[in-house]
Amino acid sequence: MEGAATDVEMNLKATELRLGLPGTEEGTQKAAVPTPPSTPRAGSKRALLAGGEEAKKPSAAAAPPSAKAQVVGWPPVRSYRKSCFQASSKSKAAEPAAPQKEEASSAAAAAAGGLFVKVSMDGAPYLRKIDLKMYKGYRELREALEAMFLCFSGGAADGAATVNPSDFAVTYEDKDGDLMLVGDVPFEMFISTCKRLRIMKGSEARGLGGATRE
Amino acid sequence: MRDAEEGSESPPSQMSGDGPGGSGGESESDRWMPDLRGGNGGGGGGGRWAPPDQVLENVLESVLEFLTAARDRNAASLVCRSWYRAEAQTRRELFIGNCYAVSPRRAVERFGGVRDVVLKGKPRFADFSLVPYGWGAYVSPWVAALGPAYPRLERICLKRMTVSNDDLALIAKSFPLFKELSLVCCEGFSTHGLAAIAEWCRYLRVLDLIEDYIDEEDELVDWISKFPESNTSLESLVFDCVSVPFNFEALEALVARSPALRRLRVNHHVPVEQLRSLMAKAPQLTHLGTGAFRSEPGPGGVLSVSELATSFAASRLLCLSGFRDVNPEYLPAIHPVCVNLTSLNFSFASLTAEELIPVIRNCARLRTFWVLDTVGDEGLRAVAETCSDLRELRVFPLNATEDSEGSVSDVGLQAISEGCHKLELILYFCQRMTNAAVIAMSKNCPDLVTFRLCIMGRHRPDRITGEPMDDGFGAIVMNCKKLTRLSVSGLLTDKAFAYIGKYGKLIKTLSVAFAGNTDMSLQFVFEGCTRLQKLEVRDSPFSDKGLLSGLSYFYNMRFLWMNSCKLTMRGCRDVAQQMPDLVVEVMKDHPDDEGEMETVDKLYLYRSLAGPRNDAPPFVNIL
């Protein structure tokens, strides 16, 4: 899942708008390297934190992370506070006073409420809805979308039923109403800001969605 | 959270001269060793003391009993040998700000009558996952030394230390008069260790577990049942961070037989029904951590808000916290106590401004307020209008990411500054800030001692002018004459650090992240901040040159931490070679990264009398 995100990031790095002083790039790059969690191994709460924080970074060390990639330990909120908070916000949706192990399960796992967003595809007669929490990362999401909208991709020039990725771009509308390309930000951040998905195809999409497959 | 008194230790250049005399093999052979234990040969005058000196010393000891502040004691100990001795025998609280700065043996040899030990371990950036697991700060060697040396020890406070269950058991068995245990941001222990403390420390008054990481274990121990069966001396029991289920009936019974209990903070497994029962058994409580603050109906059914309100009305509470899974419908239940509250911690409660404001409006006497940024600028305005006595404000982010929405901004900060003129401490996480608001705070809140502003987006400038945040922080150091702690953020150039160096004369702790343009920033700070004790820096473009500009100041500091800057091994080795009483630790993010052998990812250097530690893990390279 991080691999797909990495590829997209690499392709778009040149077009990225970034705010920062010259010479700060190395700093942000370095900071995106995962470090072993500072807290004892087995705690499920900390595993959640480790998964949430450190695992967000692209696993391929070769890919320079974009400026938007999450940085270890920033903002400086104590791991204790972050992990307590994620635990309590999940148990709000679930049973009250649920035992620790349940609360600490991964944020991507289904909680009592889902995160349903509409998905539209250009030219398709109707929309779909998906639960973003069902997916652990971008690759799974893409696969699900492709499977969902396979039937609408007929009409491609070569008449094949297979989806040609370079003809499609998966975009989303974020909280500010802007149209964004899926894949730039860590998956956790994406599902928290995504309001709806839109699959663009045809001439609008060409070049944007290229080489997203691994 | 109780912050241990920040007494500064004497710099090693002075302490070393006062080391314990005699015992062979000490490496500081070229330093003068005074004859401190009458009867040992060598050193200054040698020989026995005349009786008049002894009388003087006894008198001195009686007088020095009254000196409590560590700084005063350090000063007194430097006057002469007999003052040194008298002070060493009468010091009751031993404060060790860096557990690696001195060896346990040396500490117990100097001080004879200690009753109270405060030990701090890992550097603060460990809280943000910047210090790899297994780095150190083990309390074991300390407990092993303290046990035999201070059988009358009453209090231990540990912060950021690694504490095992065996350590806790040893503490419990070593000190028959043990009264207070505080563990803050510690890790490595579990309910087994807590059971040992409960069972063996019969005179325990305080057990405060604050933001610790409790190890997972296969078999939970019912530690609450292990307290003495007769009436206990418990005054404070804080265990909200012990997040595993516990025996509630045992807690009820414990509370009922602890007449001195004033502080009780339970974990989130306690719903309002159980909370009410606890409050009924302990009407004398002044500090309450409310657990989940939602309903989990038992046989009695769902507790109504008015029933809960009755419980609060009957209480004498001054400090409220908890609200871990708060159901906002229950919030009105605390209205009866709001008028008396001096401290309110909502920082784990995701409540909207609409839910918070009615509560805030009742809290006219509030001095300490911790809250999430969901309170919004509007909520902060309500705080400003209501809480004119506020001394401490901490606003934490609900979504601790750079791109989150962030509901508080410069507007809220400005409002607070206009309403809360007595503010002494502020910690403020936001996404948008202006110099104007920070400048306003610097002028409106002259009593500020701690100013920690975290603009979560890295390098973010003033949201209105687009300028760096230099002037805002400059105003803070200029106008807040009592400032001792500062955390900076946002887009900052060397100019900000020039201000800090020029005006921040009392600053003891400085935290820098993603800031500055050249090594001059570091130089300004080292040269200007004469009281600097702790400097922590991350992701800033400072190189060896900046590091070396601090050479003549490192012995006056407790530590320097730098990660993800532009340091190289060469610069760090230079420092290590020139400063023999510094321990210079470097760490790489990827131990097997062959690529850049010379870059230093993490540097942690600290003055020490103990030399390089022998418990460093493989990823720590001590130069």
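Numbers restart at 1 for each chain; the letters A, B, ... are given by sequence-line order, proteins then strands.
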Which atoms of Phe125(B) come close to chain A, meaning under 4.5 Å heavy atom to heavy atom: side chain ones, backbone ones, both, or neither?
-> neither
For the atom pair SG (Cys241(B)) and OH (Tyr80(A)), what is the distance rounded to the nearest 0.5 Å?
-> 5.0 Å
Roughly how far, to the nearest 0.5 Å, is the CG atom of Asp403(B) from the CE atom of Met189(A)?
-> 4.5 Å
So, does Arg458(B) use its side chain to make a donor-acceptor pair with the main chain of Val71(A) at under 3.5 Å?
-> no
Identify the heavy atoms of Phe128(B) and Arg78(A) that sit nearest to each other, and give their distance.
-> CE2-N, 3.8 Å
Sequence neighbours left out, what passes side-chain hydrogen bond (donor to acceptor under 3.5 Å, both in side chains) with Asp470(B)? Give chain and number order.
-> Thr493(B)
About how many Å separate OG of Ser129(B) and NZ of Lys82(A), when rounded to the nearest 0.5 Å?
-> 7.0 Å
Relative to chain A, which segment of Asp212(B) carries a heavy atom at a distance below 4.5 Å: side chain, backbone, both, or neither?
-> backbone
To the nearest 0.5 Å, tell me how far Cys454(B) SG sits from Trp74(A) CH2.
-> 4.0 Å
With Lys118(A) via side-chain contact (heavy atoms from CB on, under 4.5 Å) - residues at least two apart = Leu127(A), Lys129(A), Arg196(A)
Between Pro397(B) and Val77(A), the two heavy atoms sitting closest are CG-CG2, 3.6 Å
Does Arg81(A) count as lying over the ring of Phe396(B), i.e. NZ or CZ under 6.0 Å from the six-ring centre, within 45 degrees of the axis?
-> yes
